Amino acid sequence: MAIHEDAILKSELRWAAVVAVIVAIILIAILYAAIAMHVNPPSNREYVDPKTLHLSAEFTEANLGTRVDPNGQIVARVIATQFEFVPNCIVLPAKKDVTIRLTTPDVIHGILVTGTNVNTMIVPGYVAQVHTQFTKTGDLLMPCHEFCGLGHSQMMATVRVVPPEQFRPNADGRVSCGNRS
Amino acid sequence: MNEPSYPAGAHDYAGDAEEIERLEAAMVETPRGAVVVSAVAVGLLLTGWLGLYFLVFLPRGPVG
Amino acid sequence: MAKAPRKRPLKPRDESPAGAPPEQAAIDRPWRIGAAAIVAAGLAAGALIGFVIIPAGQKENAHLSMGHAMARSAGLEAGSPAVPQPVSTATAIPVSTVSWDPAIMNVLASGNTARGAAIAAQTCAACHGDKGLSQSFGPGPVFPSLAGQSPYAIYKQLHDFRSGARVNPQMTAVSQMLQVQDLAAVAAYYSAASKEYAAIGARELLGDAEIEKLANEGDSHRRLPACLACHVNNSGGPIETPVITGQIEAYLVTQLNAFAGGTRTNDVYGRMRDVSKKLTPAERAALARYFQGTL
Amino acid sequence: MPAARRRRAGATAGLQTSRLVTAHIWVAIAAFAVACLLGVWQMWARSPLTAPYHTAANYFRSVTLHGVSMAFVLTTFFIMGFGYYVAETALKRPLPGLGLAWGAFWLGIVGTLMAALSVISGDASVLYTFYPPLTATPWFYIGLVLVVVASWIWCLIMIFAMRWWRADNPGKPVPLVMFASVANAVMWLWTTLGVAAELLFQVIPAAFGWNGMVDVGLSRTLFSWTLHAIVYFWLFPSYIAFYTMFPRAAGGRLYSDTMGRLAFILFLLYSLPVGLHHLMMDPEHSNGFKFLQVFLTALVSVPTLLTIFTITASAEIAGRMRGGKGLFGWIGALPWDRPMVLATGLAFFMLFWGGGGGLINMSYGMNAMVHNTSWVTAHFHLIFGGTVVIMYQAICYSIWPSLTGRNFADQRPLRVQLWLWFIGMMVMTLPWHWLGLQGQWRRVAAFDYSNPLIHSWGPWVIVSLVGGIVLAFSALLFVYNLAMLHRRGIAGAPAAIEYAQAVHPPERVPSSLNGFGLWNILVALLMLLAYGWPIAQFFVYPPPQAVVHRLG
């Protein structure tokens, strides 16, 4: 035979080295984003009881929406329930660190915000949390992206990303779509 | 039930002399073409991945 | 160790694992060692990056010690190793205090009991009918039908009347006379009357195509889910949702208007307040008419 | 078995399993055809055009039926049928447990009918992923369990067929095609443990009403155990065709038998401990375990990247043996008119796109860019439709003559069908990638096209609908091609197909490449470390449970 079996295996090993380099490049790029830009998949692992969610302090109706917390963190708290988001519209500033905390009293939901990397599942029993900086302004769509029942298709909210100077919290630190100047 | 008959040792098929000759001739060049074709394919794949990483993913802002 | 000699295996040991001759086992040794080493090395590399290198690189941003950053990345503590965890200072202001603890769920699932029937006959039947079929179609006082409702739906409203989350002079008084366990028992009693509910039958179809579409498909533009995505039993929607098909029109329209006007607020997270506000007054009336006629 | 003995007049198949294989694959094809037609209606419903019968309830009923038919019925029945075929034709001896195999077939039929009727009645519109706390009628899940039990019987028959052959042929290498088929059976036994535990301990008790609450995080984790490896279960026959059927059809040899064995072993090892990458956006797992499984997912891309080279080299051998010269001349010299060769070429092209999309999906934080968008739908349609189904079609065309005793009179309709499938799939999925990047989300019955952003998606959705229509035509042509062979083919087909020979046929192989003892131990080790704590955490720190929401 013109080509020995060892030569075949050698060519395969060389190819395996090429494959290893490609996989390594991808992993290094992922690691760069993770360490230099603190990019992680949302992995909060924080428990909250869906059965008593409406009795809780943080996710009580009056506390939902965007608020600049006393420590200066900008946090939007949103309930995903069959079949709407409460509130239906949240205001957040561009180019600033913001946190979105979501949870549900009923079944599995999920969100993405169009044109951004904001994306998380919302699983009953947990507070899903996304930290991000919005890079552009405007009204973005925040649909429910996991099947949650027959009204799933109509479940959608708006994220209003405003320039930082137009983000004006009231005395309590709250900003809502209604009171935008 | 009538038992089907299987040709003995058929999976040890070796091919006739003419075929072996052609195979040996083919193996002189192989796998030069395959290396080039697979390298181009995998190179395009990596280029596409890096393109989406730099042009779409990073500009959309950090998440975590 | 003294042990009875075991029966000789049918095949010599070194022929295993694949029933192969010894020479095959010999060429197999490097494979076994190499494969195990490569798999173990892969696991170790992935674990090192995931549990050590990533949290080490991220902890500064979250002002965390290495220990806490690693605990977060390993799933022993809540939060991401990359960012500080927000703290809430809010206080609870619930619109309804009903919650689904297992004890209540058990009573609700127990179905028609003597206790539930006794309370129903004594307290409820005068207005809501013996088996939960109300005959008060208005004008004048309107009492909703209870037959066909899930026990969760009836219990939720009774509990809200009792706690003051929903206000109705008659029902507030009645529900405060009863214990929470009694509310659950009577809810279970009426929910068992599904035969009576089915006997209502379709009364008379009242509604144009547009209203039927709203009820069955909703309106994506207004972000309105279909009414029937929740308001039938076993819809997969919130468990406390009442069934509205066959319900009395005057009752339905009153409640829709109360939600829209903000005089009824015991719907958790404002689901019905929001939906009712999106509907025009004409649509509310038409939907109430439509549902009374539908089963 | 009376069913096995009853034979249609005129069929002259020489295989003992021919009726068994034909029955399995026709069930698979029936499910496939129904699912294709439903798929077209779903895309019509989502488009700006007005579709008939369009309500949310109908849409999700249809999506559930589409998913269950494609993912569970088509695949399981095809893989079982093809496995039996391989066991008899590769080992050249009768299949052990033919009666048991028929029993498994009827069990699978009963399960399929239970699940299908549950979905059609509208009591199981929970999609084929059936995430609790949404819960369907228990008969839906019990039907699925019966299908899985049927496939377990298949696994045991395959494993024992190989073991008994090996006992009678000591030291001889198990033919690659059989080794790969049994690798799939072994992997499937591991794979189904997760979903079986979820169904038996969580979902079915909840569906019967014995449990009012369910631990949702645990159920998602157990489902994820199954969710990635199940895709490799579907893919195995395609890779089996690449390694053991394509080189022969192209008129050449397999470049390396050892690399084939290694590729299948790597699939067995690394398709299991990676399921958390489906839960990348979930709040119930920590980022460390997600990264560990991302790392292992990167390793599962290795066997595919190795396969690309080995199969391309095998194609080069065939092309050069047919007179192809130069660096690229061998490509044109390949017999592209043969369905298996054409399908392999098209499958690799679609695998390039589908696999590339998969590399994006698995990339840790980058998953956030595309999770649950149409991008993902495009990815798995390219993998499933593009690599799995097109190779199933080519396999059918290859084995049908030996099953029916008739040859295809004309190969043109076969080629047309494969080309249509390819064109339809690309036209359907390329717009989905684009829409997914813009944020078009999955699993909705209708879009609000009056919204300006969504309005701009409309034309692309219509383009993908056209792709779907082409696919449906191709599916019907596929059914027609096979059905016609039973009646109209040319008599005198070979009794069985011959599998590809390697350039250097193995004379003896290490025990590790001739069985699965070592690999089972390593799978157990990988699963223990990758899934041990992610599952144990739900018992060590029990999370609050969710109320079961009944749908149906």
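Proteins come first, then strands; the chains are lettered A, B, ... in the order of their sequence lines, and each starts at number 1. Small disclaimer: the values here were computed from a predicted structure and weren't measured.
In this structure, the portion of Val127(A) lying under 4.5 Å from any heavy atom of chain D is its backbone and not its side chain. For Ala33(A), no part sits under 4.5 Å from any heavy atom of chain D, backbone or side chain. Interface remark: Gln129(A) contributes no atoms to any contact with chain D (heavy atom separation under 4.5 Å). Contact annotation for Leu31(A): only side-chain heavy atoms (C-beta onward) come within less than 4.5 Å of a heavy atom of chain D. Contact annotation for Val48(A): only backbone heavy atoms (N, CA, C, O) come within less than 4.5 Å of a heavy atom of chain D. Both the backbone and the side chain of Val39(A) come within less than 4.5 Å of a heavy atom of chain D. For a residue to count as touching a neighbouring chain, one of its non-hydrogen atoms must lie under 4.5 Å from one of that chain's; by this rule Met156(A) touches chain D with the side chain only. The parts of Leu150(A) that come within reach of chain D are both its backbone and its side chain, each placing non-hydrogen atoms under 4.5 angstrom from that chain. Proximity to chain D involves both the backbone and the side chain of Ile108(A), based on heavy atoms less than 4.5 angstrom apart.
Across all non-hydrogen atoms, the minimal contact from Trp15(A) to Leu305(D) is NE1-O, 2.8 Å.
When atom types are taken as modelled, the side chain of Asn119(A) and the backbone of His371(D) share a donor-acceptor pair closer than 3.5 angstrom. The backbone N or O of Asn40(A) lies less than 3.5 Å from no partner atom in the side chain of Asn287(D), so there is not a single donor-acceptor pair.
In terms of non-hydrogen atom pairs under 4.5 Å with chain A, the most contact-rich of Ser301(D), Ser125(D), Ala313(D) is Ser125(D).
Side-chain contact of Tyr255(D) with Ser11(A): a donor-acceptor pair under 3.5 Å is present, judged by distance alone.
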